[in-house]
Amino acid sequence: MTDALEDWLRPTPAGLWCEPGGFHIDPQRAVPRALVTHGHADHARPGHGAVLATPETLAIMALRYPRDRPARQPMRYGETMQAGGVSVRLAPAGHVLGSAQAVLEYRGRRVVVSGDYKRAPDPTCTAFEPVRADVFITEATFGLPVFRLPDDMAEIARLLRSVGTFPDRCHVVGAYSLGKCQRMLSLLRRAGYDRPVWLHPALDEMTALYRDFGVELGETRPLGDAGNLAGEIVLQPPGPEQRTDRFAEPVRVFASGWMQIRAHARRRGVELPLAISDHADWTALTATIADTGAPEIRVTHGPPDALIRWAQGRGLDARPLQPTGQQGG
Amino acid sequence: MKAFAALLDALAFASSPAVRVRLMAAYLERAGGPDRGWAVAVLGGRLDTVRVRPAALLALAAERVDGELLRLSSDFVGDPVETAALIWPESGAAPSPPPLAEAALALAGSSRSAAPGLLAGWFDRSDASVRLALAQLAAGRRPPGVTPRLVRTAIAAAFSADLGAIEEAWHGQTPPYGPLFAWLEGRAPRPEAPAGFRPLMPVRALDETALAGLDLSRYRAEQQWPGRRVQVVLESGRRRLYSGSGDDISFLFPDVIAAMEGLDGVFDGVLTAAAGPDGPPFRPGPPEAFERRFGRKTVPRRLLAEVPVFVRLFDILFDGGEDMRVLPLSQRRERLEARIAGRSRFDLSPRLAFEGPEALDALRRQGVSLVLKPVDGSYRPGGPPWLVVGAAPRTVRALLLAARPGGLGEAGPSYSIGVLRDGAPAAIGDAPCRLAAGERERLDRWVRKHTTGRYGPVRAVEPALVLEVAFDDVRPAPRRKAGLALERPEITRILWDLPPDAADDLERLTVNRTGQA
């Protein structure tokens, strides 16, 4: 091919830059025009002149950055717009509420930028939609074949079994405020857990936002000064700085794909690690590469080597997008 | 197998012995049939199998997945056993793993060359959690912190039975413990155990606050001796030596068994290497040599001569057929002294006279750990335990040299530490870190930032961080550059603000050394 991808779409220190379209994708610093795939802080930064994103993502950014006033351009899944000869469309990524893949077409070539995505069913967001592409730029947070995550309902069953085994203890589940918290609520409901779930204040507003968009999460209650919550499930942001000593013999639970590896769970001081992730695991990454039918693969956001090795073994032109990958959760 | 794999998973992260007991009891309440008995065997370390080496497991995986993908994964995961279990290819068919009983029996009857093939067949039929459990079984790894006694405690909890009664019935029972469970379920009488193990008086560590609140006049003190707690049994002609956990170790110590002649009864004591053949009283020998007497299948005669052992007795449970356990300590002690005067290979743990807390403190400052026993206490394992007062804690300021992530079956990462010798760091042991999770994460961040080299999962770091390390004792370690090593070291504090030359000099440890008299 004569049209090299890098002629019109390339990584820069600010982020992925689409030159003819005049916009960055998920820029790390403030830029005039940004396309934002989803609301997590490592993708959605404040300070841009204009932001193109799904209505859900724009609402999440407005909640997170109340003083930020970019020109907001909402775009629903499937809508198309033109920017400097580049056709832009957003396709669902199944990662968190409002998460999208950026589908870009320029001079007859289609590039799909996955953003963060997952393939596991999740009622709190629109399911991932595979898009045929000439170039697929994929995340690779869990780009190692040891990350084949178990069924999420089986992981929830482990949590509920632990609640049954330790009826006098409080299960304190570490979960990020955007996505994981609401996913956990939704999974608990699907597993038939109908008691109220107790929410740390840092998780309240985002959960309310999900409800505004019509996501059913069952009854939640603010922690407030509810006692030691023996036998109950509490959701709070992860991290060692989160205190658990107010709870009855707390069982520290953490829901993250990293929990698949025991050394990670140990380092976290977790008693019940749940391998539940909003990222694609190895099976999903490789299946998605196949689904896009793309002959060219670029790997970003994660350790690229294994996925590139796998793709090259299938005759694909696979390379890292950046010299070094970043790690997300 | 699935339920047992889930149990092993949960045990790997359990936060306390009470939690481990509850997890095991919950499993035993649900499990039935032979699986239950084999689970008890595996947890209690009674499943005798060939040990499949971690490298052999990785080699099995290498036959099935791309070598480069395996290498990248292994580097990331660290533990080869876990890597092999996680990376194993899956067919997509519903898993149909072997029942635990089938797997345990097959592994027990297998050979080193055949076991990997067995495993591979099972792996193909299992999900990741079961593969991990099977890999641990084959590698001979047990969940951290699970002792045979803890397993029996869980059995007692699951069947609402008396722990002492279980312990007395325990001996002579073999996996899968059919008669024992039949009794526990009320289907049969309690199994008889001639010359069986009797439950030992438990000991509990006492902290400074509790010690200060103790009425010392009600207690007698003895030194806590290095070595292994044992029970010596001679009943109706049968001679047995049991480990503190109730395992029959008679075959390892034919010298002790032979010396039991005429010692009718049941005794409690500590088995230790002797510094020489002369005694009583004997002098304890080097602990490294003593370890050579354990973990073997046969006992060569040469070893008996090279590492002589003796038993230092401190209590009597039965004198002939007479149950002494109901009598107070003072009366048992009199009988014990009369029974074993002038024997070979057995001597008495001397009483330590002390008057008041000051005398006790003086002993502890000399590096002596003490056991306090109530003078009028009977030998009742279900009752108040004997109290152990550790030697005054000793600490050293050491440099962090390397970090190694914890593998499966280990409680957590360990850190290689060293002190200064002629201004350069010399390693003196590996210490776990029991600090709060936040501080541990900060330490791991420091390690990642200051890594100077990687050797598999081990990261060598710049020797620039000073740690406060508590330890029990110093022992000679000729193969280490420093010539000595710490016993039971533990990182108690990170001295973030100190420069590297604030670490202690090797001199300080050598000078500090206490000889065990």
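Predicted model only: the values in this text are computed from it and were never measured. We name chains A, B, ... by the order of the sequence lines, and we start the count at 1 in each one.
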Using 0.5 Å steps for rounding, measure from the CZ atom of F13(B) to the CZ atom of R268(A).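 So the gap between those two atoms works out to 13.0 Å.
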
As an exercise, state the distance from CZ of R30(B) to OG1 of T165(A), rounded to the nearest 0.5 Å.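 With rounding to 0.5 Å, CZ (R30(B)) is 5.5 Å from OG1 (T165(A)).
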
Please check: side-chain N/O of R266(A) versus main-chain N/O of P413(B), any donor-acceptor pairing under 3.5 Å?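 Between the backbone of P413(B) and the side chain of R266(A) there is no qualifying donor-acceptor contact (under 3.5 Å).
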
Side chain / backbone / both / neither for [X] at chain A, heavy atoms under 4.5 Å:
X: A128(B); answer: neither
X: E29(B); answer: neither
X: D9(B); answer: both

Measure [X] against the heavy atoms of chain B and call it side chain, backbone, both or neither at under 4.5 Å.
X: Q260(A); answer: both
X: V270(A); answer: backbone
X: P150(A); answer: neither

Report, in residue-number order, which members of residues 443-459 of chain B are under 4.5 Å from chain A by heavy-atom distance.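 The list, in residue order, reads D444(B), R448(B).
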
Which members of residues 60-71 of chain B, sorted by number, sit under 4.5 angstrom from chain A on a heavy-atom basis?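 So far as heavy atoms go, D66(B), E68(B), L69(B) are the residues that approach chain A to under 4.5 Å.
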
Ring geometry between W258(A) and F76(B) (parallel below 30°, tilted from 30 to 60°, perpendicular above 60°):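 Ring orientation, 0 to 90° scale: tilted.
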
Tabulate, in ascending numerical order, the residues of residues 306-315 of chain A having at least one heavy atom closer than 4.5 Å to a heavy atom of chain B, or enter 'none'.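 Expected list: A306(A), R309(A).
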
Surrounding CZ of R189(A) (heavy atoms of other residues, nucleotides or ligands, distance under 6.0 Å), is the total greater than 12?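 Buried by this count: over 12 neighbours within 6.0 Å.
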
Can you name the closest pair of heavy atoms from [X] and [Y] and give their distance?
X: S15(B); Y: R169(A); result: OG-NH2, 3.8 Å
X: R148(A); Y: P89(B); result: NH1-CA, 3.7 Å
X: T83(B); Y: V146(A); result: O-CG1, 4.2 Å
X: A12(B); Y: R262(A); result: CB-NH1, 3.5 Å
X: V19(B); Y: E271(A); result: CG1-OE2, 3.4 Å

Compare all side-chain heavy atoms of L86(B) with those of F147(A) and state whether any distance is below 4.5 angstrom.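 A side-chain contact is absent here, since even the closest heavy-atom pair is not under 4.5 Å.
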
Heavy-atom side-chain proximity of R440(B) to R267(A) below 4.5 angstrom: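 No, side chains not in contact.
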
Can you list everything that forms a side chain to side chain donor-acceptor pair (under 3.5 Å) with R442(B)? Sequence neighbours excluded, please.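 R442(B) satisfies side chain to side chain donor-acceptor pair (under 3.5 Å) with no other residue.
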
Relative to chain B, which of D305(A), L272(A), I261(A) shows the most heavy atom pairs under 4.5 Å?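 Top count of heavy-atom pairs under 4.5 Å with chain B: I261(A).
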
